[in-house]
Structure formats: structure tokens, C-alpha cells
Amino acid sequence: MTEPFDLIDELGPEKVIHIHDPATGLKAILVIDNVAAGPAIGGCRMAVDVSLDECARLARAMTLKNAAAGLPHGRAKSVIIGDPKMPLAEKERLIRSFAYAIKNIPDYIVGPDMGTDEICMAWCHDITGRAVGLPREIGGIPLDLIGATGYGLCAAIEVASEFCDLDLYGATFVVQGFGSVGIHVSRFLAEKGAVLVGVADIYGGLADSNGLDVAALMAIKGEGGKVQDLDSGEKIDREGVIDIACDIWIPAAQPDVIRMENVQRLNTKIFAQGANIPASLDAEQNLEQRGTIILPDFIANAGGVICGAVEYHGRSELQAMSSIADKVANNTRNMLERAKAEGISSREAAMKMAVERVRQAMQYRKTH
Ligand code: NAD
């Protein structure tokens, strides 16, 4: 928890705070990376073993994601050291103790992350008066229920389709991971007439060149089933979805699923990253060199963070959806145009865009 870390540069971090409350046993770290654009929104992760270095890296990744999304917020990350499955009363005591510790740090707005949820955020809100990812009853927008990330991903894909002359009506797509992100991006793409030709969850995959029924798959998942419970399509290994040629391939499961050893198996026009870091950088470059349009994670899956910011500003679910579509589509267009104009990868273009926005926001602050 106290090891030095090397992620210090002209962008941040602005504050690194170690928190220890002997009364409750709370041990936590808060890294506020950069608040030039506004107070930092950042997930609070509960885990038994998370290092300061990892916390700082996660905070930086989120600074760039927020900047790329054009939000009036910086980014932070916090970690509470503990087992998220501890008894609820103990968890509430730790979370409330954490909330008291951050109460007087107005630059930090806490949100949910791995090991914390909307109830934890309600406890924090009770003490600090600021949190996102709240229960609906106190102003929260349930982003996984409304499909915020899938909606943004669909908006990014729609823009990318213009760059490769692809008509979404009749376009084929494959989704790896049929959870919050995978289900909703499938729903929104199907509404536009695209055809799901392959899908996998952790238990296995399904393929059908004539199209799989998205509504039926959603119903199966809603009842706790597996994608292979669908009574049509060919059952394949979960890794088998990598071999299905299609127009749009969507990783929406885990990090690092596409690497140099399997990237050659992918044959797609658009690689739309729902999951975070689903491909290694060299695999991503290989795909791009073969003519695939890459929609990098921090541009394409920003729907969730946009939703959190909209919630914080007290707006409605409808306003969240419109803001997600608007921001993700604009950013995707700017990124792809810049990549084309400068002959660089879409990830490089997105990084440049994000870093420039943070630097610009820092310039404005200097005048105060
Ligand atoms: P989820 O837990 O709801 O769904 C994950 C799905 O992936 C499940 O269907 C699971 O069975 C499947 N899966 C896991 N391992 C698999 C494998 N090896 N092969 C095939 N399927 C596998 O998670 P989610 O919220 O949909 O998030 C998916 C990814 O997107 C994660 O990487 C997450 O960090 C990222 N992400 C999510 C959001 C969001 O708003 N939920 C936002 C940005 C990024």
C-alpha cells in the first residue's frame, strides 16, 4: 500500500491520500488524478489487494476517458482494502468510515466500482452529500438497466459504419460476452436492422449465419440462463466466436481476449471495444493494418461515465441517453477523421484528443 509509484507527470496526480481509521479498521487509498475540467468522479473499488500504483493507473485511464468524453469532470479512483463479500454490517461500517474521511475533499465525487454498489453509494451520499451510481429513489440512473454503455457503443459503431461504407441494416455482428454491455449493444444494433451471427457467454457460444433472435436471448438471460439455451443456432466453443467472419466484432467480456496468437482469426470491418483493454496493442495494430476500424475502449464504452456525470447534475434518463449518443458519436467522428488526416491509429488520435483537452483545461485554470 505504501510502495512508490512512477505515474507522475505534468497531468497528475494532484492528490494521493492514504486513509487509516484505527476505530473501524478502514484502510483506503484515494488518488485524485486531475481536476482541471471539474471535480473528479471516480469509482471506489473494494478488494483485498490493490496497490497504489494500480489505483493511480486506473485514475489516469479514467482522466483520459472523461476528457475524451468531454465531461466537466476530472477523474479519481479510490480503493478500500477489504473483502467485498464481508458481512453487510461490517461493510457498511467501513464504507461509512470512508465517506467520513472524504467528506471534506470536495474535489472527489465517489461512484461504484468492483466490490461496491448503489447501496454503498447511498451510504456515502448520506454522509458526504455527493455520489453517483445511486439508487433510483434518490436520483440515481441505473446505467446497466437502461443500457447506457451499449447505447454509446452502438452510436460509435454507427459513425464507424460511415467510414467503411457499411449499411447497418443487414450488417452482421458478433458479441463476445452477453452481460450488461453485450445484451444492450445487441438490442440497439438489432433495432437498426443488424444481424447477430455469433454470441458467447462464459459457458459457450452460438453461431447462425441467418441470425440469432436477440429478444429470445435477452429473455433467456433475464431468467438466469445461458446463450446456448436458445433452441436455434449451432453450439460452438466460447472461443469459437473469434472465427466468425462478420462486419462488426464486439468484445464485451474480459480484458486481453485478442492477442497476437489469435488476432489472425478475426475477420471484421469494425472492432468495437465494449470491454476495457480487450486486445493487446500489437494485436490492435495488426487488425488496423489489415483495414479494420478500431473503436478504442475509452471512446466507445464511455456511455457509463457520461451517464454518471448526467446523474450527478440531476438530469433525467432521457437526457442521459441523448447526451451519450451525442458525445460518443462526436468523439468517434473526430477521432476517425483525425486518424485519417494524420495517418495515425485511432487509439493514437483518441489519446491526442484526450490529452489536449486535459492540457487545455489546465491552461484555463492558470488564469484563476
Ligand atoms: P457482465 O458481468 O454484465 O457481463 C460479462 C459477460 O461476459 C457475461 O455474459 C459473461 O458470461 C461473459 N464472459 C465472461 N468471460 C467470458 C469469456 N471468456 N468468453 C465469453 N464470454 C465471457 O459485465 P459488463 O458490465 O457487461 O462488462 C463487460 C466488460 O465491459 C467488462 O470488461 C467491463 O469492464 C467493461 N465495461 C462495462 C461497462 C458497463 O457499463 N457495464 C462500462 C465500460 C466498460
Side-chain angles (χ1 to χ4, degrees), residues 41-43 45 47 58 61-62 64-66 68-69 71 75 77 111-118 132-133 140-156 174-188 196 198-207 212 214 217-218 220-230 235-244 249-259 262 265-266 271-279 295-311 317 320-321 324 327-328:
I41 298 181
R45 187 170 282 201
L58 290 167
M62 297 310 288
L64 297 176
K65 191 170 197 168
N66 269 8
L71 298 177
R75 207 70 196 189
K77 201 88 190 176
D113 200 293
M114 279 161 53
T116 60
D117 60 12
E118 59 176 32
V132 298
I141 302 180
L143 64 97
D144 282 338
L145 216 65
I146 63 172
T149 303
Y151 192 61
L153 199 52
C154 185
V174 169
V175 176
Q176 184 197 45
F178 205 63
S180 304
V181 177
I183 285 176
H184 291 290
V185 72
S186 300
R187 173 166 71 93
F188 293 119
L196 180 67
V199 65
D201 60 18
I202 197 158
Y203 308 104
L206 267 187
L212 295 158
V214 173
L217 282 167
M218 285 175 68
I220 287 168
K221 276 286 166 180
E223 287 161 11
K226 310 163 183 169
V227 296
Q228 288 193 344
D229 292 340
L230 190 74
K235 288 187 175 49
I236 56 171
D237 185 79
R238 71 176 188 214
E239 289 281 306
V241 287
I242 299 176
D243 300 300
I244 304 174
W249 205 90
I250 303 166
Q254 290 187 321
D256 300 321
V257 290
I258 301 298
R259 304 168 302 276
N262 62 9
R265 291 164 53 191
L266 271 185
F271 183 67
Q273 303 184 356
N276 290 319
I277 37 173
L295 298 178
D297 43 11
F298 71 105
I299 296 292
N301 73 18
V305 296
I306 297 170
C307 191
V310 169
E311 175 189 316
E317 291 181 18
M321 292 308 241
I324 290 166
K327 284 184 187 300
V328 176

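Both ligands and their constituent atoms are indexed starting at 1 by order of listing. One-based numbering along the sequence shown.
- Taking atom 4 (O) of ligand 1 as the reference point, the nearest protein heavy-atom neighbour is Gly179 CA, 3.2 Å.
- Proximity of atom 34 (O) of ligand 1 to the protein is indicated by at least one non-hydrogen atom lying closer than 4.0 angstrom.
- Nearest to atom 27 (O) of ligand 1 among the protein's heavy atoms is Val181 CG2, 3.8 Å.
- When hydrogens are left out, the protein atom nearest atom 19 (N) of ligand 1 is Arg238 CD, 3.5 Å; that is the closest non-hydrogen contact.
- When atom types are taken as modelled, the side chain of Arg75 and the backbone of Ile41 share a donor-acceptor pair closer than 3.5 angstrom.
- Nearest to atom 15 (N) of ligand 1 among the protein's heavy atoms is Gln254 CD, 3.5 Å.
- Geometrically, Lys226 engages Tyr203 in a cation-pi contact defined by less than 6.0 Å to the ring centre and at most 45° from the axis.
- Looking at atom 21 (N) of ligand 1, its nearest protein heavy atom turns out to be Asp201 C, 3.2 Å.
- Nearest protein neighbour of atom 41 (N) of ligand 1, counting heavy atoms only, is Asp144 OD1, 3.2 Å.
- In this structure a side-chain-to-backbone donor-acceptor pair under 3.5 Å is missing from Arg45 to Asp113.
- Remark: side-chain polar atoms of His184 are not paired, donor with acceptor, to backbone N or O of Ala148 under 3.5 angstrom.
- Ligand 1 has no N or O atom lying under 3.5 Å from any N or O atom of Gln176, backbone or side chain.
- Here Asp297 does not pair with Lys65 in a salt bridge; the nearest charged N to carboxylate O distance is not below 4.0 Å.
- Residue Asn301 places no N or O, backbone or side chain, under 3.5 Å from any N or O of ligand 1.
- With hydrogens and angles disregarded, a donor-acceptor distance shorter than 3.5 Å links the side chain of Asn262 to the backbone of Val257.
- Here the side chain of Gln228 pairs a donor or acceptor atom with the backbone of Gly205 at under 3.5 angstrom.
- To the nearest 0.5 Å, atoms CD (Glu223) and CE (Met218) are separated by 12.0 Å.
- The nearest protein atom to atom 16 (C) of ligand 1, hydrogens excluded, is given as Ala253 CB, 3.8 Å; this is a heavy-atom distance.
- Less than 4.0 angstrom separates some heavy atom of Gly274 from each of these atoms of ligand 1: 30 (O), 35 (C), 36 (N), 44 (C).
- Here is the list of ligand 1 atoms found below 4.0 Å of a heavy atom in Ala252: 7 (O), 28 (C).
- Residue-ligand proximity, Leu143 to ligand 1, at heavy-atom distances under 4.0 Å covers atoms 40 (O).
- Contact annotation for atom 2 (O) of ligand 1: protein absent (non-hydrogen atoms, distance under 4.0 Å).
- Remark: ligand 1 atoms within the under-4.0 Å shell around heavy atoms of Ala275 are 29 (C), 30 (O), 32 (O), 35 (C).
- For Trp249 (side chain) and Val241 (main-chain N/O), a donor-acceptor pair under 3.5 Å exists by modelled atom type.
- Using a distance-only test at 3.5 Å, with no hydrogens or angles considered, a donor-acceptor pair links the side chain of Glu311 to the main chain of Ile141.
- In summary, of the residues considered (Val185, Leu217, Leu206, Ile250), a side-chain contact (heavy atoms from CB on, under 4.5 Å) with Leu196 occurs for Leu217 alone.
- Of all atoms in ligand 1, listed by their number and element, those nearer than 4.0 Å to a heavy atom of Phe178 are 6 (C), 9 (O).
- In terms of polar-atom proximity, Ser180 is counted as a contact of ligand 1, with an N or O under 3.5 Å from an N or O of the ligand.
- The protein heavy atom nearest to atom 10 (C) of ligand 1 is Ile202 N, 3.9 Å.
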